[in-house]
Structure formats: structure tokens, C-alpha cells
Amino acid sequence: MAVNTLAGAPLAPQPAQPGEGKRPRRRGAYVPYLLLLPGMLWLVVFFLVPMLSLASQSLQTGDVDNGYTLTFNFATYSDALGTYWPQLLRSLIYAGTATVATLALGFPLAWFIAHRSGRYKNFLLVLVIAPFFTSFLIRTLAWQTILGDSGLLAQFTAFTHTDFLLSGFKSVLHAVGLISNDQLLFSPFAVICGLTYNFLPFMVLPLYANLERLDQRLVEAAGDLYASPVQAFRRVIWPLSLPGVVAGTLLTFIPATGDYINSVLLGSTQTTMIGQVIDAQFLRVLDYPTAAALSFILLLLIVAFVVTYVRRAGTEELV
Amino acid sequence: MADQSAGDLILRQITKSYETFTAVDNIDLVIPRGSFFALLGPSGCGKTTTLRMVAGLEQPTAGTISIGERDITSTKAYQRNVNTVFQNYALFPHLDILDNVAFGLRQRKVKDWKAKAMEALELVELTQVARKKPTQLSGGMQQRVALARAVVNRPDVLLLDEPLGALDLKLRRQMQIELKRIQQEVGLTFVHVTHDQEEAMTMADTIAVMNGGRLQQVGDPGTLYEKPESTFAANFLGQSNLLAATVKGVVDDIAQLNVHGTEMTVPADLLPEGATEIWLGIRPEKVRIIGGVAGSESESLNTLSGKVTDVSFLGVATQYLVATSWGRELTVVQQNDGAPRAVLGSNVRLAWLPANCFALDASQDADAGADIGEDA
Ligand SMILES: Nc1ncnc2c1ncn2[C@@H]1O[C@H](COP(=O)(O)OP(=O)(O)OP(=O)(O)O)[C@@H](O)[C@H]1O
Ligand SMILES: [Mg+2]
């Protein structure tokens, strides 16, 4: 998916700048450009060309049987938006909620690993990425066995006689519209759980890298200058961890917006996300222009989001 | 300014143990309000640990800390009216200099924080960089910002953990004078940690010498230097010549000594209680070289003959090494006041006043603390 290629783009390590051009030309001055060549070729072949073909496809008319012709039919865009805006909006909301959840779970976890885990640090880091050892599909399916009506969660609460907690929790979820009946599975709640779980490492790892470098003595200095732990967090830890937070939220939010596996496996027809729509348009309905237009709309939305977000966060040096 | 501060800082039987290791061992200290107090000792002797306990960043294993009447042992760091200038400065990199200095004031919701912070920056002569970030400043400037950030809060006690350690020698001397001036100007209690004996002696009213987690001696620089109470203190602060001596008797408050066969005396009140075997100590600059002829000096001086084994010219003075008949080398420092210098290899007589000596119990290691004071 185009969306996934984009996710890496703003954060990919910047290729080294060729030496300060002011100096007199030396032998070997072209070496940096030669070194850049493979990367540039890669981007041209696998990013630029598909992007252009996608752009052209979104402006074509026709059908599979008779072929497509480029007619600059911008109506595809407005039609696609008009029809599928609920799915688009839903994708943004689910991805946003999941991102906030990964941040809330990931920050304390990353802090603990970075500063409190002592010699278990490496072990815990391996645990964070351990889910990657199994397939995305299987990991997501596992949530079916957890959230199902007679799944692990239900069995556990029955066994410990804490069913009342579970039903209390369910009524809260029901009240805020995250489940629509008594079922936990096949609901927005389950989809967000899946997204949160699957993208948690993408939040934890950049946060960890950032918090690890955060000098503990600055926290002590804040305490020394009358800041309670909460105030020290607000005035010192949080501002200093912003680059990590920005990197983590981008790495989580962007792929989560385009994700559709979680919705397919854990959701219902009421939780359809934009990724599912694009998938269906491309592979089942075979309406390529609409699929391409939707991909582009999603891409533009995400680029707009990234630009405003990074500006707002005011971090000149990302990561 | 210091009127609202609560009083003396008192440590009572403070001990800090880690699993297998006692970093600070049963320390008792009273640091008078408004004084410049130096905690001096070699690396790893527990200075930082002591300071951190006063700051509230570390909890003592045993003992109590109080400021005046108030016991603050279990008070959290952010509730203590104590500020620290950290060993590495620990300036907040995301805040500019003014916001760094104002951090504590704003935390306490002081209304005219901006004026007060600027005033503190004026004190350290850095008003012109108020809007710069810490990384844009030199080490010496960062050091002064760290000082301003702590001083501005007018704490009961200001803790400085080797604040000059990262500066080069010249800047360091300059900052020592600066620090002393600021302390006198604001009248706060300064507790200054250092392993540089010269720094401690030039700056502090009172010095506590620490070694291996214990206090060795507390006193004003003059007393510590002239009358050290342990071989560690004698060697760590400046240089000392220690001669093994046996006390033969006391006549008219004068103790008669035998130093490897040579008769010497020392005022009896300088003797450690009940000791018969002692180290007789004399500082290098108190020893005079009086030429080669025996018997020409006055009776009351302690004298010794020896052979010059090394001469080094120091500019303002000359330092000699003089080997005694039993092979111990004494260090002698003579002012370059125009008198002829002794020649390498010549036989000389050394003389000094008994009252300039100090006497230590011979059970201690004569070389304790000898080489640690010199480095860094
Ligand atoms: N958290 C800790 N766990 C175990 N031992 C510690 C701990 N902190 C300090 N120590 C030990 O306590 C001793 C005193 O440390 P401290 O930092 O107080 O020394 P210091 O006098 O400040 O030395 P320096 O001049 O090098 O700064 C050291 O031997 C150190 O190894
Ligand atoms: Mg230290």
C-alpha cells in the first residue's frame, strides 16, 4: 500500500549532504552522489513511478473489460469522498484513539525500561518486539480468543468471580458507543484494542530511544528546584521527550489509519475502515479509479496531518 | 537577606549504606548559618553522597538532618529549602537561560520572578545571554547560570558539588574568587564539595576533611594546616615531613624526643594523649637550611643533618629533598629571598622551631593520603 511506503519517508535517515559546495572541486567530489544513486533509483522505481501511475489511474474513466483512458475525471474524487467519508472519518478516529492509547501505555513502559529495569533492560526490549516473531494475522486472531463471548477474558472473570467487573466495563463501553450489544468482539472496541496492541512497539521503541538519553539528573534538578514529580514531568520530562512522542505517534497513527486487518478480523460491517474500502474497490469491485482516488485522498490527509502536527509540536530536530 | 533562613545545618550520626558498601559512615556535623563550608576529600570518599542526602535526593540509612530546629530527614527534595549546583550543572536544555534561572521562582509562584531572575543573572554578570540556550554557552558561563539558578531562590543551604571541576585552572581560580564574593554578598550558607585542597583552603571558613566515608577533622583552614590531627589530614592538605620519634619524658611542659638518635623537643601540649611512639610532623616551608657546620645554632631549635639529593627551582621558592642519615627524604621549601642556595650533593643542617611541629599517634600509616591531594 502506498500509505505504508509513506510512513517511513519522513523519518528515514537523511542521506549525508555532499560536502560544502564552496570548496574548490577535488578529485572524488562526485563520490557522495554515487553513494546516493542506489537510494535515489530505489525511490524512483518503487515510489515515484507507482505514485504517478496511481495518480493517473485515479483520473481515468472506463471499465475492466474495455480498458481505461485518462480523461482527467476529477469527479471520481468528489464521488469517492461523498460516498466513503464515514469510513475515512472512522479510520482517523480509530487510529487517533489507538495512538492515544499506545502513548498512554507506551510512555510509562518506555520510561520503566529506560531508567528502572537495570539488568533486565535488553530482555524487556526483546519482549517488546517479541510479537513480531509471529505473523500480524495470527497476533490479531489471538484477540478473537481473548475477547470472544466465551474467550479468555470471560473465562478468567468467571473463574475469579469478577464477572461483575466485566459487565460493569461493558456497560461503560456501551455508554460511550464502543460496543453496540453485549459482545466485546466485532465492535469498535475490539478494533481499537487490536490496533493499539499491534502498533504498541512502534510507539515504545522511539520513545525508549528518546527517554534513554534523557538525563536523570535533570529530573533531580527539577525536584531540587521545588518541582513535585507531576510538575517535573510537565515542565521537564514531557518537553524533552517530545521528539520521541512525535516519532512514536507518527509511526503509530499513519499505518493505523490505513490498516484494515484489525477491522476485518475484529470488527463488523459497522467498523469498516478506509483500508477495507480501498482493498474491496481494487480487488473485488475492480473500480480502479475510485480505489486510486481514495488512496490519494488518504495520502493527502496524512501528509496534511503530519505537516501541521510536526509544526505544532515545534520540534526542529525529529528523533 | 538571610533573615528568614532557619539556622544551622546539622547532621547527626548520618550513615548511608548500599548493599555491601558504606559510603558515608556515622557523620556528625554542624554547619553554621551563613558560613562557607568546604567538604574536602579524595574521590569516592562520600562527599556527593553526603550532599545528596542534605538535598533530599538520597535517604540516609541512619541519622537525622535538620536545619535549625526543623528535622528535614524525611522531607521530599522538592519541599526542602535547599538548592544544589550540580557537578555537571544539569541545566534544562529546552529552556533559555532566563527560564532556567527562573525555574525555582516560578515553581514557588513568586510574583516578580522575572526581575528576580534578571537580578541573579546580574550577580553572575550574564544578563546579556538571558535569551540564549544553555548549549550556546561556554562551560564557565553554564557554571555561573547553574549558580544563579540556585542562588536566586535564597535557600537555607546552598550545596555545590565540585562546581568548578570541569573548568580549566585559570578560570577556576577566577571563579573561586567570584564564588566567595557572591557568598559574602548574599550571605547564604554554602556547602562546597571539592577534592582540591587549595580550593577548599582559599574559599572556606571551615573545612571538613573526609576519607573513606568518615570525617577526619573539621576546622578552619589555618588550624587544619598547622595542626592536623591525622596523617591523612597532614598529607592531604599540603605536604608534610613525618619523622618517627619516641617520647622520653616531659620537662617544664617540653617533651624530650629521640628521632633516630637525634635529640629533639616539642611542646608537650601538642602530644597526642598517652602516646610514646609518635610521628613528629613539620611542614616543608618551616624548615630552614642553616649551612654545614654543627653546633652553631641556638639550643631551642630542632636540628638534623642531611645531604641534598634534589633541587628544584619553583620561581618564588626553591624546593629541596634532603636525605637523613637513616635514608628518609625530607622536603624543604626556602623562599628565594636572595640568600645563597644549597648545592646538590652538599651536606646541610636543617633547623626548625619546636612550636611549628605537630605530633601524631604513630599507629597511623605515615603515607595515608599522600598522593591523592595532588592530582586533578
Ligand atoms: N548507588 C550506589 N550504589 C552503590 N555504591 C554507590 C552508589 N552511589 C555511590 N556509591 C559509592 O559510594 C562511594 C562514595 O561515592 P560519592 O559519589 O559520594 O563519592 P565522592 O566523594 O563524591 O567522589 P568524587 O570526588 O569522585 O565525586 C563510592 O565509592 C561509590 O562507589
Ligand atoms: Mg562526587
Side-chain angles (χ1 to χ4, degrees), chain A residues 103 107-108 110-112 114-121 206-250 309-319, chain B residues 19 48 51-59 75-96 99-110 113 117 120 133-135 142 145-161 163:
Chain A
L103 183 60
F107 200 105
W111 181 267
F112 179 85
H115 296 298
R116 294 281 181 279
S117 58
R119 61 203 164 99
Y120 297 108
K121 185 185 270 190
L207 268 180
Y208 164 80
N210 178 272
L211 292 178
E212 226 245 315
R213 286 183 313 180
L214 196 150
D215 191 344
Q216 287 287 284
R217 288 171 295 196
L218 294 177
V219 184
E220 288 189 341
D224 190 68
L225 293 162
Y226 319 115
S228 66
V230 174
Q231 290 162 328
F233 176 80
R234 215 168 53 79
R235 293 192 60 190
V236 177
I237 299 175
W238 180 255
L240 286 175
S241 60
L242 266 187
V245 172
V246 170
T249 45
L250 289 181
Y309 179 62
V310 172
R311 284 247 176 102
R312 281 289 302 275
T315 44
E316 297 90 37
E317 357 97 67
L318 266 182
V319 186
Chain B
E19 285 123 57
T48 299
L51 221 58
R52 289 173 60 82
M53 287 190 282
V54 177
L57 299 172
E58 210 90 64
Q59 200 57 31
T75 314
K76 295 266 189 299
Y78 64 92
Q79 293 162 333
R80 291 189 191 188
N81 200 14
V82 171
N83 288 119
T84 310
V85 177
F86 289 87
Q87 201 159 358
N88 66 332
Y89 316 145
L91 299 178
F92 303 120
H94 61 298
L95 300 178
D96 65 24
D99 286 338
N100 260 285
V101 174
F103 194 97
L105 296 173
R106 297 175 73 176
Q107 211 53 57
R108 294 172 140 191
K109 311 231 180 331
V110 174
W113 59 267
K133 288 280 174 73
T135 46
Q142 290 185 26
V145 175
L147 181 65
R149 185 177 72 172
V151 165
V152 75
N153 303 299
R154 303 284 182 243
D156 294 338
V157 180
L158 187 83
L159 307 172
L160 303 105
D161 192 355

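What you are looking at is a predicted structure, and each value in this text was computed from that prediction instead of being measured. In what follows, chains are A, B, ... by sequence order, proteins preceding strands, each numbered from 1.
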S.K.: Quick check for you: among B:A150, B:G104, B:A55, which has the greatest number of heavy-atom pairs under 4.5 Å with chain A?
M.R.: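 Option with the top pair count is B:G104.
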S.K.: Which heavy atom of B:F103 sits nearest to which heavy atom of A:A227, and what is that distance?
M.R.: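 Reported closest heavy-atom pair: CE2-CB, 4.0 Å.
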S.K.: Give, as side chain, backbone, both or neither, the part of B:L159 having an atom under 4.5 angstrom from any heavy atom of chain A.
M.R.: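 Contact with chain A: none, neither part.
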S.K.: List the residues meeting salt bridge (charged side-chain N to carboxylate O under 4.0 Å, His left out) with A:R217, not counting sequence neighbours, and say none if there are none.
M.R.: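 For A:R217 the salt bridge (charged side-chain N to carboxylate O under 4.0 Å, His left out) partners, ignoring immediate neighbours, are A:D215.
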S.K.: Would you mind telling me which of B:R149, B:K76, B:R80, B:Q79 has the largest number of heavy-atom pairs within less than 4.5 Å of chain A?
M.R.: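 Most heavy-atom pairs under 4.5 Å with chain A: B:R149.
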S.K.: Chain B heavy atoms under 4.5 Å from A:A222: which part of the residue, side chain, backbone, both or neither?
M.R.: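 Answer is both: backbone and side chain atoms of A:A222 are under 4.5 Å from chain B.
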S.K.: Do A:L218 and B:P93 touch side chain to side chain, with heavy atoms closer than 4.5 Å?
M.R.: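 A side-chain contact exists here, since the closest heavy-atom pair is under 4.5 Å.
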S.K.: For chain B, which of A:L240, A:L225, A:V236 has the most heavy-atom pairs under 4.5 Å?
M.R.: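 The candidate making the most pairs under 4.5 Å is A:L225.
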S.K.: Hey, could you give me each pair passing salt bridge (Lys or Arg N to Asp or Glu O under 4.0 Å) that has a residue in residues 220-237 of chain A? Not counting sequence neighbours.
M.R.: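 Every pair satisfying salt bridge (Lys or Arg N to Asp or Glu O under 4.0 Å) with a residue in residues 220-237 of chain A: A:E220-B:R52.
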S.K.: Heavy-atom pairs under 4.5 Å with chain A: which of B:G56, B:A90, B:A77 has the most?
M.R.: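 Among the listed options, the one with the most contacts to chain A is B:A90.
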S.K.: Would A:Y226 and B:N83 count as a side-chain contact (heavy atoms from CB on, under 4.5 Å) if you check the C-alpha gap in whole Å, the side-chain angles of each, and the deciding distance to 0.1 Å?
M.R.: CA-CA 9 Å; A:Y226 319 115; B:N83 288 119; 2.7 Å; yes
